[in-house]
**Student:** 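Here's a structure for you.
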Amino acid sequence: MTKTDENMLAETTTSADEKPPTSTSAQSTAANDNQPEVVAIHIDNFNAFYGDFQAITDVNLKVPARKVTAFIGPSGCGKSTLLKWCNRMNDIVPIAHASGKLKVGDINVLDQKTDVVSLRRRVGMVFQKANPFPKSIYDNVAYGPRLHYKVSRNDLDDLVEWSLQKAALWSEVKDRLHKSALGLSGGQQQRLCIARAIAVGPEILLMDEPCSALDPASTARIEDLIFELRGQYTIVIVTHNMQQAARCSDRTAFFFEGKIVEEGATDQVFTRPQEQQTEDYVTGKFG
Amino acid sequence: MLGENSHPASDFRVRSSASSKRWQAAVVAGLVFCSLVSLATTVGIIAMLIIESWGFFADDRIELWKFLTGTKWTVGQTQGELSYGIWPLLSGTLRITGIAMLIALPMGLVSAVYLSEYASNRTRSILKPTLEILAGIPTVVLGFFAVKFITPYLLGYLGDFKTFNATSAGIAVGILCLPLVTSLAEDALRAVPTRLREGAYGLGATRLEVTWKVVVPAALSGIISAFLLALARAIGETMVVALAAGSTPTFTLDPRLSSQTMTGFIVETFKSESVVPGTLGYFSIYAVAAVLFLITFGITLIGQIIRLRYREVYD
Amino acid sequence: MNSPLKQELEHRSEQGRTRLSGYFAVTCLLVSSLAIVILATLLFSILYTGGSWLNFDFLSGTHRENNPEESGIGQAIIGSLVICSICGLAALPIGVGTAIFLEEFQPRNRFLRMFHGLVQLNINNLAGVPSIVYGILGLTAFVYMFGAFNSIKVNDQPDYEFGTSYYYQVKTLGDTFVKFPARKEIHATFEIRNPIRADRANGESFLLKVFSRSDDEKKFENDRSSAVFRGVLANLETRDDQQIYVVQTMDGSEVTFPAQPSYSSFAKILEPIEVVGPDGESFQLNVLAKSDDVPSDEQLKARSVFADSPDPKRRSSASIFSEPTPLHFHLPFSKSVLSAGLTLALVILPIVIIASQEAIRGVPQTLREAAYGMGATRWQVVRGAVLPSATPGIMTGAILAMSRAVGEAAPLLAVMGGVLGTTTGLRSLMDKTPALPVTIFKWAGDENAGFENTSAAAIIVLLVFLLLMNSIAIYIRYRYESPATK
């Protein structure tokens, strides 16, 4: 374990040196833009409905791998709906259906024959409100691995520690792993939920307004965490908070009334928006 | 650099999702089986009542018409002529239910109104648990109370009551239904939106007027459904009447006399253990139970329908 | 403006209306307080009647006929506990399973949706069915199993049985009891005690009815061709290479039914046999002829019986008894604790289902989303996320349902009859047992002075039970009310 610790430390420091979380660096985005881009999620002519109501109309989007993509836009613009379709969370809603193309890697998400279980193993999700299970911290993190893997007790212990460290929670909870997760603070609970999602070993992490229920200090910690996870996971984050999108994302898509109005590198969307609606929104004229 | 390959889980053997799905299918089959038990209970009750009371009505000595209209019941007695008119038992049930409803409905409604519209938190915190305890008292205990307390110490001073009589059983059944009426009616009253009350107060109505002219009418369907459920409960009540109402079926309006009910007859037959399967006495239990079931099931169903309709209005 | 309401308003003074409202509030308070008065009177009268009768002997004793002072409720307490355990073990899994199905597996398929709706409607209606009707259902479905097994019932011994052994028991001249194992055989005669299925000469199959000789003749005047008196003997005959019993009905017509090996109630002892004595040692039983003298040696007396003879003073007849193991089981369940427990399970099933549904509905949707989001199947979501949160609520509901079951008397009377005590105690699930509510009922109806007090004392014990169960329920609700389940 010590080796991983060192690695992690090294990793964290280098990325912190390279790119402090508080400043959006145009140069790194530009550098990435020059490389051949790997597309993690490929969305083509996508339409989503709740019953007769069309929530998303004709969306086309390529979400780049191992970068942070932010979905912004006013309430009810369809950004959460799109996010939930990426791992078929909308299956729980009986009246939800969709058409078009939505591919995660080589998986055709909308195909009814697609195995939702292995899709969700590869596409993890963090929710608006921290939702730890009423179990111990350990069991919360171990929940996903136990579902998906045949794993020995020792490996599981290692995995739980590794995930909690990734989520920057290990030092705070290592002495009370077997206490109820409900005793943690709101921010800790949300980081636990991130650890729980990472433990499964996903390639993509979907985050649905992960900080909207947190105080500013906890929000900052989660934002730091998102920044650290960048480069290892493809992260899609839905947020109401434009500063948050500006702080921690590489690319931003602006949604309005079920359509993508504008999509591009984050600093470009925020500083030189191409569309009037985007400019109105990012400057706070509505929303 | 730690990449995705360094994730510890990448070495683990993945559980096949097919096996967890097979497991889930087995579990769902088990759950459907559980649900079938409750369905089978209803089917079992109905089938049993039809098949076994057929043994009663198919008997050469029995005419359905006389069963439904006759005013004398001697089934189960070894001596004398066989009479099998349901009315003495049915009227016994109705007499006792009538007395019980005279107590439970007004008292229950007034208590519900008090709890929902008037009571302070303090009185509520005393009254609610009292009613809950009263609701949890086993019916056989109330039967004991009726025959050992209500009859000798309460009715003894009021008139010439027999040891076993309809009034004392009726009072005990009323006590039993009181918490049921109160809690269901209170739920209905509380479901009335506050804005209706505020509207009426704004016009200068007193609390009494708001209660009776606005809240109660608005909650009427819920209150009626509470009354119906209590009615079904009273008709089906067994142990109180078995102890306090006596074992003589009478066709009368006199509340001082012994009055065996439908449930009382059934229990009396079981208690004596004299009934052998295949005989008329045995089949008569099912015939009486069929009438009892039809009445209570009908009332419960109507109560359900009224309550469902009422729910639609407010949600 | 001339409002049509104006005149009416002038007639109603505002002070009068306010005063009326005040009076009504007072009336309301008085009426509501009646509940407290009733409860206090009830508890006081019971404590007053029964309180002084509570002691250890009462709690451990059994019912004694005409002797309230020495009667007790030991068997009834054990009986109630066993019945409630069976009831809980049966109702809890089925009830929770149904609730999970209704709440977590709402199907998209139209046919299954209908099934779903039907089950839900049905549960709400079952909750309103009187418990005595469940009792009759228990009698039909568990005790007799719809008559599926009692085509022939010989001396109440069921056809499908294991976990018990039958012995004949005989009293020796030394007044000790010895026993020897019984064997099933086809007897030369068969005593008809219960209705059985029989065939007429023309091949018609019908139910042979049984009447008591003391019955009024009018009861069976129309049944003469298909009825016999209880205790009539049928004779064994061999027809077409088949052994059958032949008996004449009341009108003299001959009916038959197939012979099956059975135990007979009594055995004749004609020659020396191997027996087991009271201490467990086996020896050869010494059989004396009618004319022999009774031996004077006590040891020999305890090993001797007279051979079967017409002289009632010098006759030894061995009667059958069974020694069940705790695993004793048979079909149908007959009048047994198992029947009683299962019947009560049906009574509380709707309550358990409704309470579990409410508990499951209280689990926040976010927990389900979390588990789904990690790739759990529906069942994994239920097991890993929903059930752990809903368990305190389910347990509270289950305990409250059990406290309803503990007080139910009517279904027990239907399936076990009014049992007040058994000589053997509870040996297996196939035995009858008294239970607290039935004991209370029978004692309350007993006219001997003193049983009123024992009844009240038993009520106190029952109420203490209920109080305990409710306290546990309240404790669970308080202890596990976690922020996630709110």
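The analysis underlying the following values was restricted to heavy atoms, covering all of them including side chains, and did not include hydrogens, waters or symmetry mates. Residue numbers begin at 1 in each chain, while the letters A, B, ... track the order of the sequences.
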**Student:** By a 4.5 Å heavy-atom criterion (distance strictly below it), what part of C:L466 contacts chain B: side chain, backbone, both, or neither?
**Tutor:** side chain
**Student:** Relative to chain B, which of C:S455, C:A414, C:A458, C:G375 shows the most heavy atom pairs under 4.5 Å?
**Tutor:** C:A414
**Student:** Does any heavy atom of chain C fall under 4.5 Å from the side chain of B:T238, the backbone, both, or neither of them?
**Tutor:** side chain
**Student:** Name the region of B:A242, side chain, backbone, both or neither, that has any atom closer than 4.5 Å to a heavy atom of chain C.
**Tutor:** both
**Student:** Test C:V382 against B:V27 for side-chain contact (heavy atoms from CB on, under 4.5 Å), laying out the working first.
**Tutor:** CA-CA 11 Å; C:V382 170; B:V27 169; over 6 Å; no
**Student:** At a heavy-atom distance under 4.5 Å, which candidate from C:L413, C:L39, C:I38 has the highest pair count against chain B?
**Tutor:** C:L39
**Student:** Is it the side chain or the backbone of C:P93 that comes within 4.5 Å of chain B heavy atoms, both, or neither?
**Tutor:** backbone
**Student:** Determine whether C:I136 and B:I266 satisfy the following criterion, side-chain contact (heavy atoms from CB on, under 4.5 Å), listing intermediate values before the conclusion.
**Tutor:** CA-CA 9 Å; C:I136 300 174; B:I266 296 171; 3.8 Å; yes
**Student:** Can you tell which part of C:I123 gets under 4.5 Å to a heavy atom of chain B, answering side chain, backbone, both or neither?
**Tutor:** side chain
**Student:** Tell me, with the steps shown, if C:Y134 and B:T41 meet side-chain contact (heavy atoms from CB on, under 4.5 Å).
**Tutor:** CA-CA 9 Å; C:Y134 284 105; B:T41 310; 3.9 Å; yes
**Student:** Does any part of the side chain of C:V129, heavy atoms only, come nearer than 4.5 Å to the side chain of B:I45, both counted from C-beta?
**Tutor:** yes
**Student:** Let me know if C:T140 has heavy atoms under 4.5 Å from chain B in its side chain, its backbone, both or neither.
**Tutor:** both
**Student:** Let's test your reading of the structure: which of B:L134, B:V28, B:V147 forms the most heavy-atom pairs below 4.5 Å with chain C?
**Tutor:** B:L134
**Student:** Locate the shortest heavy-atom distance separating B:L243 from C:A444; write the atom from each residue and the value.
**Tutor:** CD2-CB, 3.7 Å
**Student:** Show me the donor-acceptor pairs within less than 3.5 Å that the side chains of residues 287-301 of chain B make with the rest of the protein, sequence neighbours left out.
**Tutor:**
{"residue": "B:T296", "atom": "OG1", "partner": "B:L292", "partner atom": "O", "Å": "3.0"}
{"residue": "B:T296", "atom": "OG1", "partner": "B:F293", "partner atom": "O", "Å": "3.2"}
{"residue": "B:T300", "atom": "OG1", "partner": "B:T296", "partner atom": "O", "Å": "2.6"}

**Student:** Can you tell which part of B:V113 gets under 4.5 Å to a heavy atom of chain C, answering side chain, backbone, both or neither?
**Tutor:** side chain
**Student:** Mark yes when over 12 heavy atoms from residues, nucleotides or ligands other than C:F206 sit less than 6.0 Å from its CZ; otherwise mark no.
**Tutor:** yes
**Student:** Measure the spacing between CZ of C:R383 and CH2 of B:W23 and express it to the nearest 0.5 Å.
**Tutor:** 8.0 Å
**Student:** Based on non-hydrogen pairs under 4.5 Å, which of B:P138, B:S38, B:P179 is most in contact with chain C?
**Tutor:** B:S38
**Student:** Hey, what do you get for CD1 (B:I285) to CG (C:L139), rounding to the nearest 0.5 Å?
**Tutor:** 7.0 Å
**Student:** For C:L102, which atoms come within 4.5 Å of any heavy atom of chain B: side chain, backbone, both, or neither?
**Tutor:** neither
**Student:** Scan the side chains in residues 24-33 of chain C for donor-acceptor partners under 3.5 Å anywhere in the protein, sequence neighbours excluded, and list what turns up.
**Tutor:**
{"residue": "C:T27", "atom": "OG1", "partner": "C:Y23", "partner atom": "O", "Å": "2.7"}
{"residue": "C:S32", "atom": "OG", "partner": "C:C28", "partner atom": "O", "Å": "2.7"}
{"residue": "C:S33", "atom": "OG", "partner": "C:L29", "partner atom": "O", "Å": "2.6"}

**Student:** Quick one: CZ on C:R378 to CD on B:Q24, what's the gap to the nearest 0.5 Å?
**Tutor:** 7.0 Å
**Student:** Checking heavy atoms, do the side chain of B:I175, its backbone, both or neither come under 4.5 Å from chain C?
**Tutor:** side chain
**Student:** Between CD1 of C:I46 and NZ of B:K148, what distance do you get to the nearest 0.5 Å?
**Tutor:** 12.0 Å
**Student:** Nearest 0.5 angstrom please: B:T130 OG1 to C:I36 CD1, how far?
**Tutor:** 4.5 Å
**Student:** Contact part of B:Y153 toward chain C, heavy-atom cut-off under 4.5 Å: side chain, backbone, both or neither?
**Tutor:** neither
**Student:** Let's test your reading of the structure: which of B:R207, B:Q304, B:E237, B:E117 forms the most heavy-atom pairs below 4.5 Å with chain C?
**Tutor:** B:Q304
**Student:** Looking at C:T18, C:L463, C:V119, C:I132, which one has more heavy-atom pairs under 4.5 Å with chain B than the rest?
**Tutor:** C:I132
**Student:** Can you tell me which portion of C:L349 sits under 4.5 Å from chain B's heavy atoms? Options are side chain, backbone, both or neither.
**Tutor:** side chain
**Student:** Of all the heavy-atom pairs spanning C:A35 and B:L178, show the shortest one and how long it is.
**Tutor:** CB-CD2, 4.4 Å
**Student:** Assess whether side-chain contact (heavy atoms from CB on, under 4.5 Å) is satisfied between C:F101 and B:C34, documenting all intermediate values.
**Tutor:** CA-CA 8 Å; C:F101 175 72; B:C34 289; over 6 Å; no
**Student:** Using a 6.0 Å cut-off, check whether atom CH2 of B:W212 has over 12 heavy atoms from anything other than its own residue.
**Tutor:** yes
**Student:** Please list, in residue-number order, every residue in residues 404-411 of chain C that has a heavy atom less than 4.5 Å from any heavy atom of chain B; write 'none' if there are none.
**Tutor:** C:G407, C:A409, C:A410
**Student:** Nearest 0.5 Å please: distance from the NZ atom of B:K21 over to the OG1 atom of C:T377.
**Tutor:** 8.5 Å
**Student:** Does any heavy atom of chain B fall under 4.5 Å from the side chain of C:L126, the backbone, both, or neither of them?
**Tutor:** side chain
**Student:** Among the options C:I440, C:L42, C:V415, pick out the one with the most heavy-atom pairs lying under 4.5 Å from chain B.
**Tutor:** C:L42
**Student:** B:L127, B:V267, B:I126, B:I133: which one forms the most heavy-atom pairs within less than 4.5 Å of chain C?
**Tutor:** B:L127
**Student:** Which region of C:F105, side chain (C-beta onward) or backbone (N, CA, C, O), has a non-hydrogen atom less than 4.5 Å from a non-hydrogen atom of chain B, or is it both or neither?
**Tutor:** side chain
**Student:** So which of C:N124, C:I100, C:L34, C:V133 has the biggest tally of heavy-atom pairs under 4.5 Å with chain B?
**Tutor:** C:N124
**Student:** Please flag which part of C:L346 lies under 4.5 Å from any non-hydrogen atom of chain B: side chain, backbone, both or neither.
**Tutor:** side chain
**Student:** Using a 4.5 Å heavy-atom cutoff, which residues in residues 228-236 of chain B come close to chain C?
**Tutor:** B:G236
**Student:** So which part of C:A456 gets closer than 4.5 Å to some heavy atom of chain B, the side chain, the backbone, both or neither?
**Tutor:** both
